[in-house]
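First the structure, in the form of structure tokens, and then the observations on it.
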Amino acid sequence: MNEFELIQAYFSTLASKGVGKGVELGIGDDCAILTPPANSQLVVSTDTLIAGVHFPDSTSAFDIGFKSLAVNLSDLAAMGASPLWFTLCITLPDRNTQWVEGFCNGMAELIQQTGIQLVGGDTTKGPLSISIHVTGAVPVGEALTRHGACVGDDVYVSGVIGHGAAGLEMVLSDFEAPDGSRFDEYLLDALQRFNRPQPRLALGQALRGIATSCIDISDGLLADLQHVLSASEVGARLVLESVPLSDAVMAGCLFGDKSERENRLLACNAGDDYELCFTAPENKRESVDALAAEQIVTLTRIGSVVEGASIVEKGGEELVGLGYQHF
Ligand code: ADP
Ligand code: MG
């Protein structure tokens with residue numbers, strides 16, 4: 001199967017599963033032709049995933065397909081955008097059609113869930129890497145950003161933190177707990193969440209007009225919150241004990257013989273959670289609570305925005321977000 005047959009057999013089929021609005025011309029020409037929705041702004045983002053760096057080599061084709069699109073959709077969620085279109089640049093080591101099929105099936109699941117449409121890309125040969133460029137839309141002037149947090153705002157996080165840390169730990173430890181026993185069901189759930197993160201798109205869109213700033217947690221809660229604080233030129237006081245942790249982290253067995261606080265800090269410094277961290281004024285507390293009920297996702301208040309530049313605990317001790325850095 002050559003490059004064009006691969007595109008035809010797999011990527012064109014994948015494109016037909018989306019319902020992205022405004023696609024005048026999709027895959028097959030030199031460029032796609034797209035009409036943006038009226039009265040909206042386009043929101044664009046790109047993320048590259050490299051085998052061995054962004055996902056362990058043992059990850060299935062399906063999960064790689066799912067996760068590479070999910071992390072890009074998560075960026076749209078953080079901006080409060082609705083997904084429209086994406087392009088896919090894929091570098092494949094060989095013509096393993098079974099792998100490509102699995103990859104496309106993983107991606108198709110999210111395409112069907114969100115309606116985003118594949119409109120083009122590039123297919124090359126080399127070490128496995130996947131680069132996706134997503135486009136979404138927001139009503140003019142309503143995008144959520146990192147720079148709007150104000151002193152006095154509450155700081156919230158969606159869902160629970162630690163699936164990413166626990167899932168990765170499970171992969172690295174070959175699915176065995178330190179005492180040699182197999183993992184419980186909730187740990188397998190963490191692994192599933194690590195491989196197939198759910199982008200919080202509905203929540204992001206619902207936060208327009210409520211949140212003053214927003215970010216998705218890809219590098220770790222503390223590191224990502226620090227990005228918001230730097231962009232907004234403020235600090236935050238965090239109640240570390242109030243950060244909701246996944247059952248897997250609470251069980252503590254994943255990180256060996258560590259205290260609850262150490263586990264908590266590890267989870268808050270690990271990436272791959274893809275929850276949203278956002279700030280909102282105190283007078284929006286009722287709206288946030290109503291949202292949590294409506295969205296069927298927990299939204300937890302974990303601190304407040306204060307003057308300063310860093311994250312501190314109640315007593316003033318500084319919490320440094322290490323996060324993951326490539327260089
Ligand atoms: P060009 O030589 O003009 O770059 P290509 O031969 O690379 O064109 O691609 C032909 C068509 O197939 C283009 O419309 C391109 O967007 C699309 N395409 C190529 N690879 C992919 C892919 N991995 N996913 C989606 N569309 C792709
Ligand atoms: Mg090309």
Side-chain angles (χ1 to χ4, degrees), residues 1-37 40 42-77 79 81-137 195-199 201 218 274:
M1 199 176 256
N2 67 27
E3 178 190 329
F4 300 111
E5 287 164 343
L6 259 184
I7 296 170
Q8 193 57 40
Y10 294 102
F11 302 121
S12 295
T13 308
L14 196 54
S16 69
K17 298 199 191 292
V19 291
K21 295 183 190 80
V23 181
E24 309 304 329
L25 187 62
I27 291 179
D29 214 308
D30 289 315
C31 295
I33 305 179
L34 308 164
T35 306
S40 63
L42 296 180
V43 173
V44 302
S45 174
T46 305
D47 256 323
T48 298
L49 286 93
I50 295 169
V53 178
H54 297 94
F55 44 86
D57 289 320
S58 61
T59 313
S60 73
F62 186 101
D63 288 344
I64 292 175
F66 190 101
K67 191 166 182 173
S68 20
L69 185 54
V71 304
N72 278 279
L73 287 167
S74 179
D75 285 324
L76 291 182
M79 303 296 291
S82 319
L84 288 173
W85 319 299
F86 74 104
T87 57
L88 167 65
C89 296
I90 186 161
T91 305
L92 294 164
D94 50 46
R95 282 171 292 185
N96 180 343
T97 51
Q98 205 184 339
W99 190 93
V100 177
E101 191 175 341
F103 173 86
C104 287
N105 287 341
M107 216 164 248
E109 189 159 310
L110 265 178
I111 289 176
Q112 271 150 358
Q113 204 177 303
T114 61
I116 193 164
Q117 187 170 342
L118 178 62
V119 295
D122 203 21
T123 308
T124 51
K125 190 174 170 185
L128 180 64
S129 100
I130 296 130
S131 214
I132 290 180
H133 178 277
V134 283
T135 304
N195 283 325
R196 300 186 197 171
Q198 281 296 324
L201 285 160
S218 54
Y274 299 102

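Below, all heavy atoms of this structure are taken into account, side chains as well, without hydrogens, waters or symmetry copies. Remember, it's a predicted structure, so these values are computed and weren't measured experimentally. Sequential numbering from 1 along the given sequence is applied to the chain's residues. When a ligand or atom number is given, it counts from 1 through the structure's own listing order.
- No donor-acceptor distance shorter than 3.5 angstrom exists from the side chain of N105 to the backbone of F62, with no hydrogens or angles considered.
- The residue from D30, D122, I90 that puts a heavy atom closest to atom 7 (O) of ligand 1 is D122.
- The residue from L6, I27, D29 that puts a heavy atom closest to atom 13 (C) of ligand 1 is D29.
- Of the possible polar contacts, one joining the E5 side chain to the N2 backbone as a donor-acceptor pair under 3.5 Å is found.
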Test side chain to side chain contact (heavy atoms under 4.5 Å, CB included) applied to L42 and L84, step by step:
CA-CA 9 Å; L42 296 180; L84 288 173; 3.9 Å; yes

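- Note: no N/O pair closer than 3.5 Å links G26 and ligand 1 by distance alone.
- When all heavy atoms are compared, the tightest approach of T46 to S131 is CG2-OG, 4.2 Å.
- Taking every heavy atom of both residues into account, Y274 and P197 meet most closely at CD1-CB, 3.6 Å.
- Atoms of ligand 1 found under 4.0 Å from any heavy atom of F4 (numbered from 1 in listed order, with element): 6 (O).
- In terms of polar-atom proximity, defined here as any N/O pair under 3.5 Å, L88 does make such a contact with ligand 1.
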